[in-house]
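Everything on this sheet refers to the single structure shown next.
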Amino acid sequence: MPLTRFWILDINYEVKNHQPEIWLWGIDSEGRRVLIIDKSFTTYFYVLPEEGEDAEKLADRIRKVCANLPYITGVEVVDRKYFGKPVKAIKIYCQDPDIMPEYIKVISKVKGISSFLEDDIRYSMRYMIDNNIVPCGWHEVEVEECPNVLNVQVDKVLIAKSTPRYLSEMIDIPKLRILGFSMICYSPKGSPKPEKNPIVIISAITNTGEEKQFIAEKTEDDRKIINDFMNFIRNFDPDIIVGFETNRRDIPYLVARAKANGLSLVIDRAGAEPHTSTYGHVSITGRANVDLFDYADEFPEVKVKTLENIADYLGVMKIEERVLIEDFEYAQYWDDPSKRPELLKFLMDNTRCIMGITEAILDFAIQLSSLVGLPLDHVGTAAVGFRVEWFLIRHAYHMGELVPKKIERAYTPYAGALVLEPNPGIHENIAVLDFKSMYPNIMISYNVSPDTYIPPGEPEIDAFIAPEVNHRFRKEPPGFYREVLAKLIKARDHVREELKRVDRGTIKYRILDARQKAIKVITNATYGYAGWIGARWYIKPVAEAVTAWGRHIIMSTIKAAKNIGLEVIYGDTDSIFVRNDPEKIERLSKIIEEKFGLEIKPDKVYTRVLFTEAKKRYCGLMPDGKLDIVGLEVVRGDWANVAKHIQEKVLEIILKEQTVRRAVDYVRKYIINLREKKIPYRDLIIWKTLTKSPEEYEVKAPHVEAAKSLQKEGWTLTVGDKVGYVITVGSGKLHERAKPYLLASYDEIDIEYYVTNQIVPAALRILSLFGIKENDLLPPKTGKVQTLLEFFGKS
DNA sequence: GCAGCCCTATTACCT
DNA sequence: ACAGGTAATAGGGCTGCG
């Protein structure tokens with residue numbers, strides 16, 4: 001039997017005559033695109049007997065009922081664990097995965113059933129979990145070639161004659177064909193609506209260097225360009241299709257426009273249209289549809305997650321080098337023959353940005369996919385909690401641990417981390433000591449896990465007991481979380497060890513680096529998952545115990561530091577700021593290592609650090625002269641640039657030059673410039689996120705009112721969108737004077753608002769530490785500028 | 001009618 | 001639709017004020 005090695009790109013299943021088939025889309029070691037069909041796998045679900053019910057007897061009763069259910073192919077009693085407790089479960093095999101819900105309804109009438117489990121795991125996920133098949137991973141399988149009667153777009157269709165075997169040591173990635181695209185719709189007013197607004201331009205770029213634009217000949221006719229684009233995709237036959245906001249915008253729009261033109265948008269490998277699937281991603285069978293927008297959260301420094309901002313941040317294409325066209329201008333540019341070429345260039349540049357960002361993200365996405373086991377096109381749209389959960393589900397399978405159902409729970413808060421009151425002012429030569437992976441290590445050390453938790457009332461002698469909250473956890477056997485986290489940490493250490501032996505800039509380096517990042521993300525999210533009420537394995541005391549141990553450890557560390565004469569200036573969760581005394585720090589580190597088995601070491605040293613009166617807001621000067629700004633307006637996305645700029649300058653002057661008067665002088669001059677309208681309009685925009693639809697807000701807030709104005713102009717706004725507004729002159733509340741920045745002009749701006757509510761507070765946040773008051777910053781509105789001497793003479 | 005106070009809603013940050 | 005802790009602003013209700 002021929003043996004094939006292949007890398008999995010996508011997976012789906014088909015059921016024909018109640019006979020399921022797994023379709024594995026991949027690339028073989030010769031670079032051929034293959035479809036491997038596996039007809040051998042039967043799915044199943046579990047039944048848990050009621051308390052005191054005999055499993056065998058219940059199984060017999062179920063068997064009787066199943067006699068009338070033709071696609072039930074087996075009922076057996078098996079040993080499993082449920083939240084760590086050994087249970088007898090009844091495993092029921094069902095040939096047709098799609099008929100399961102119907103059958104469960106019938107079986108649920110049998111007396112003695114406590115619950116059904118794992119019936120909510122999709123057939124294709126079940127197949128991968130049980131057979132250790134890993135998306136974006138290499139596998140080996142015995143196959144038999146069969147004719148391509150399905151007419152799918154691959155080089156070979158193969159029938160699996162064995163179960164594919166995962167080759168974990170093969171970490172390379174085959175040469176993938178990638179197609180990026182973006183498009184422009186013609187809408188003279190407001191957001192484009194597929195019912196009436198055609199697509200006028202589609203840009204496409206391939207990673208083989210082809211660039212193509214499809215331009216409508218007549219504005220109202222997009223039939224040809226959609227058709228040409230479809231043909232272009234089919235000819236290039238990409239493995240991965242990338243875009244920006246394609247899941248919720250571009251692809252549904254293309255599908256709708258195709259339909260409006262009597263076309264069917266066939267861009268997959270199986271002759272079907274794209275369809276929306278798990279977690280709201282759009283599935284294109286046989287290819288991976290990757291929406292870069294789903295990875296925007298990987299760049300928290302980018303506050304407004306637009307394509308151009310992310311590309312600018314990554315150095316793909318600098319904004320200064322671009323002529324940006326706002327969406328409300330598209331129609332104008334399209335209609336004007338002299339401006340249309342600019343629009344074409346703009347869209348092509350956008351597509352180049354897409355290709356550039358893809359390069360920065362795809363390795364990580366691939367590693368995340370193979371680590372958590374969700375297909376490449378799912379993993380981006382899955383929220384962090386679900387990424388962790390699917391990773392856990394794979395491990396639960398290997399431990400014989402049953403997967404709990406998703407249930408709705410009421411939110412009840414619990415105590416979290418400890419934050420110290422900072423000592424305001426400037427401190428010299430300060431080291432920041434960090435615990436390495438504090439929460440994951442607590443979970444490992446004290447075996448904190450849903451399956452080791454001992455509820456109150458249950459006797460147990462050998463247990464770890466959490467401080468303050470007194471939750472108990474069995475010391476043995478190792479818990480679910482301990483096993484998983486230890487594995488993750490070990491895997492990451494291993495990858496990082498290997499990284500040291502690989503040259504930077506090589507493909508292998510990129511893969512390994514992406515791998516260790518993916519492992520880190522999942523490791524760090526595990527505590528958060530444990531405290532998430534939506535988690536299948538949620539047990540509040542588990543999360544509560546972790547933070548209790550965290551508080552205990554940080555408090556002990558502070559005490560130990562003080563004991564050896566190491567002054568503690570500040571601390572938050574798993575870090576303490578101390579005087580940089582390497583000898584004492586080394587001693588402290590040893591004490592903590594011995595006491596808790598945890599590693600604490602200097603993460604960075606500040607030449608100088610400035611604390612405000614507030615927690616979580618400070619600025620350190622690094623030895624290389626860079627500022628490390630934390631929590632302050634500078635790093636927040638909801639302050640106008642004028643405020644952020646002024647605060648950064650003030651911090652720079654105060655920390656580097658250590659002169660208050662120069663900082664004050666700078667602010668005063670800046671205010672004068674602003675009053676003379678010498679500061680660009682863009683720097684006055686305030687951005688805020690819509691966290692619900694505008695009507696749902698209880699109070700009238702500036703950004704909500706601005707959002708409503710946009711809606712009136714025909715723009716569609718959805719939850720998560722950022723609204724950019726400016727404050728204009730006039731009377732009344734701020735929200736009455738807030739206007740979307742696109743609908744206002746510089747002449748309307750209320751400059752004094754920006755002076756008193758943006759610049760002054762941002763500057764005073766720092767300068768008030770040195771006795772500066774609002775009046776000291778405000779130059780007189782008219783007349784000549786007060787000299788510094790006059791100013792300091794007065795104050 | 002409005003200044004001053006206090007509380008709440010809202011957003012975005014830190015670890 | 002991963003956690004809690006925290007700061008900060010604007011809105012909005014209430015009180016007291018000849």
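Keep in mind the model is a prediction, meaning the values are calculated, not measured. A, B, ... follow the sequence lines: proteins, then strands. Residue 1 opens every chain.
The existence of a salt bridge linking A:R617 and A:E633 is confirmed by a sub-4.0 Å separation between a basic side-chain nitrogen and an acidic carboxylate oxygen. With respect to the salt-bridge test (charged N to carboxylate O, under 4.0 angstrom), the residues A:E118 and A:R126 qualify. Using a cut-off of 4.0 Å between Lys/Arg side-chain N and Asp/Glu carboxylate O, A:K604 and A:D624 are scored as not salt-bridged. Using a cutoff of 4.0 Å between basic side-chain nitrogens and carboxylate oxygens, A:D638 and A:K303 are not scored as salt-bridged. No salt bridge links A:K406 with A:D120; every basic N to acidic carboxylate O contact stays at or beyond 4.0 Å.
As judged by a 4.0 angstrom heavy-atom cut-off over every strand, A:V419 is placed among residues touching the sugar-phosphate backbone only. Among the atoms of the strands shown, base atoms are found under 4.0 Å from some heavy atom of A:F386. Among the atoms of the strands shown, only primed sugar atoms or phosphate atoms (P, OP1, OP2) are found under 4.0 Å from some heavy atom of A:Y753. If you check every strand for non-hydrogen atoms under 4.0 Å, A:Y411 touches sugar and phosphate atoms only.
When ring centroids are compared, A:H703 and A:Y697 come within the 6.0 Å threshold. Between A:F464 and A:F473, the distance from one ring center to the other does not fall under 6.0 angstrom. A:F435 and A:F596 have their aromatic ring centers separated by at least 6.0 angstrom. Taking the six-membered ring wherever Trp is involved, the centroid distance between the rings of A:H645 and A:Y670 falls below 6.0 Å.
Of the residues in residues 530-551 of chain A, those placing a heavy atom less than 4.0 Å from an atom of DNA chain C are A:G531, A:W532, in numerical order.
Nucleotides of DNA chain C that come within less than 4.0 Å of any heavy atom of chain A span, from the 5' end to the 3' end, C:dA1 to C:dG12.
Donor-acceptor pairing under 3.5 Å is lacking for the side chains of A:E483 and A:H395.
Separating the P atom of C:dC2 from that of B:dA9 is a span of 24 Å, rounded to the nearest Å.
Here the side chain of A:Y681 pairs a donor or acceptor atom with the backbone of A:A744 at under 3.5 angstrom.
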Expected string for nucleotides 10-15 of chain B under the B/S/- scheme (protein heavy atoms, under 4.0 Å, primed atoms plus P, OP1, OP2 as sugar-phosphate) is SBBSBS
